[in-house]
*Asks:* 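Structure provided below as structure tokens; questions to follow.
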Amino acid sequence: MENGAAKPVIVAIDGPSGTGKSSTSKAVAAQLGLSYLDTGAQYRAITWWMVTSGIDIEDPTAIAAVAGKPEIISGTDPAGPTITVDGTDVSGPIRTQEVTSKVSAVSAVPEVRARITELQRSLATSAERGIVVEGRDIGTTVLPDADLKIFLTASPEARAARRSGELKGADVNATREALIKRDAADSSRKTSPLAKADDAVEVDTTELTLTQVIECVVTLVEEKRAAK
Ligand SMILES: Nc1ncnc2c1ncn2[C@@H]1O[C@H](COP(=O)(O)OP(=O)(O)O)[C@@H](O)[C@H]1O
Ligand SMILES: Nc1ccn([C@@H]2O[C@H](COP(=O)(O)OP(=O)(O)O)[C@@H](O)[C@H]2O)c(=O)n1
């Protein structure tokens, strides 16, 4: 059970799109009384701001010049995570197709990563009971000293089926191609690419139910906590 005096535990969950990072991280954090941070939402939020501010997404220098401007605030309660940009709730607008198709280009810009990484570290250190942070480079770059690192994978077919299920009727093949393209961009960028940390536990979720993945991660966190 929860112990208020327990040392905070830091959990990093990385992996490509549709592997179950958000659903797993939120549930694990809720079950264990930890905070939860969706770092993809932060990259989506800064991308939304760039798009609505008329910044040319094809121009990394233009993106870098304004990367420090928007104020991005993440609420880390797993029961109701929030995200605002300059005080505006952007939790809906950051999920549009337009933002999804542009986020890899914006998040590849080193100045954007430096800015967002700073926010992530600050939220992780201030989480009193600990935090589950999910993204692409959490175990490798953002929180290399995390107590537990998980790398989720799943076949492109399973990931596309999950995503198109969410997008209500979206074509599975088109979704699959878009996912593969985004993974390739995220994995090949120079700064902090999507990668499994050497000390991460890899969990292939293709044949697992979400409940099984959650149970697996909760068990791993509890083992780490017991050993602390
Ligand atoms: N193991 C699983 N089996 C079936 N569906 C899953 C599984 N894990 C996640 N999902 C579903 O797949 C979709 C994408 O999951 P999500 O957690 O958003 O992935 P990610 O954050 O890695 O992109 C969600 O609708 C979620 O409910
Ligand atoms: N730690 C992170 C998290 C996300 N991202 C970027 O943000 C995008 C959106 O992340 P996301 O987690 O919301 O994506 P989905 O898994 O929901 O499709 C990714 O495709 C990456 O380009 C990143 O660069 N580093």
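Just follow the structure's listing: the first ligand is 1, and inside any ligand the first atom is 1.
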*Asks:* Classify the contact between Arg136 and ligand 2 as side chain, backbone, both or neither, using a heavy-atom distance cut-off of under 4.0 Å.
*Replies:* both
*Asks:* For ligand 1, find out whether one of its N or O atoms is nearer than 3.5 Å to an N or O atom of Val213.
*Replies:* no
*Asks:* Using a strict 4.0 Å cut-off to heavy atoms of Ser17, name the atoms of ligand 1 that fall inside it.
*Replies:* 23 (O)
*Asks:* Test of understanding: with side-chain contact (heavy atoms from CB on, under 4.5 Å), list the residues that count as partners of Thr211, not counting sequence neighbours.
*Replies:* Thr209, Glu215
*Asks:* Does the N or O separation between Ser22 and ligand 1 drop below 3.5 Å for any pair?
*Replies:* yes
*Asks:* Which of the atoms in ligand 1, numbered in the order shown and given with their element, are less than 4.0 Å from a heavy-atom of Gly20?
*Replies:* 8 (N), 9 (C), 15 (O), 16 (P), 17 (O), 19 (O), 20 (P), 22 (O)
*Asks:* What part of Arg163, side chain from CB on, backbone N/CA/C/O, both or neither, has a heavy atom under 4.0 Å from ligand 1?
*Replies:* side chain
*Asks:* Should you measure from each heavy atom of Gly135, which atoms of ligand 2 turn up under 4.0 Å away?
*Replies:* 1 (N), 3 (C)
*Asks:* Under a heavy-atom criterion of less than 4.0 Å, does Gly18 contact ligand 1?
*Replies:* yes
*Asks:* At a non-hydrogen distance cut-off of under 4.0 Å, which region of Ala158 contacts ligand 1 (side chain, backbone, both, or neither)?
*Replies:* neither
*Asks:* Please work out which of Arg159, Glu134, Arg162 has its closest non-hydrogen atom nearest to atom 2 (C) of ligand 1.
*Replies:* Arg162
*Asks:* Give me the nearest non-hydrogen protein atom to atom 20 (O) of ligand 2 as residue plus atom name, then the distance to 0.1 Å.
*Replies:* Asp186 OD2, 2.6 Å
*Asks:* Residue-level breakdown please: for Arg159 versus ligand 2, do any non-hydrogen atoms fall below 4.0 Å on the side chain, on the backbone, on both, or on neither?
*Replies:* neither
*Asks:* Please identify which atoms of ligand 1 are closer than 4.0 Å to at least one heavy atom of Leu208.
*Replies:* 1 (N), 2 (C), 3 (N)
*Asks:* May I ask whether Ala154 has any heavy atom positioned less than 4.0 angstrom from an atom of ligand 1?
*Replies:* no
*Asks:* Would you kindly specify which portion of Ser17 sits under 4.0 Å from ligand 2, judged on non-hydrogen atoms: side chain, backbone, both or neither?
*Replies:* both
*Asks:* Without placing hydrogens or testing angles, list every side-chain donor-acceptor pair under 3.5 Å for residues 133-142, not counting sequence neighbours.
*Replies:*
unit_1: Glu134; atom_1: OE2; unit_2: Ser22; atom_2: OG; d: 2.7
unit_1: Glu134; atom_1: OE2; unit_2: Tyr36; atom_2: OH; d: 2.7
unit_1: Asp137; atom_1: OD1; unit_2: Arg113; atom_2: NH2; d: 3.4
unit_1: Asp137; atom_1: OD2; unit_2: Arg113; atom_2: NH2; d: 2.9
unit_1: Asp137; atom_1: OD2; unit_2: Ser192; atom_2: OG; d: 2.7
unit_1: Thr140; atom_1: OG1; unit_2: Asp137; atom_2: O; d: 3.3
unit_1: Thr141; atom_1: OG1; unit_2: Ser192; atom_2: OG; d: 2.8

*Asks:* Ligand 1 versus Thr209, non-hydrogen atoms closer than 4.0 Å: side chain, backbone, both, neither?
*Replies:* backbone
*Asks:* N/O of Lys21 under 3.5 Å from N/O of ligand 1, yes or no?
*Replies:* yes
*Asks:* Looking only at heavy atoms, is any part of Gln42 under 4.0 Å from ligand 2, and if so is it the side chain, the backbone, or both, or is it neither?
*Replies:* neither
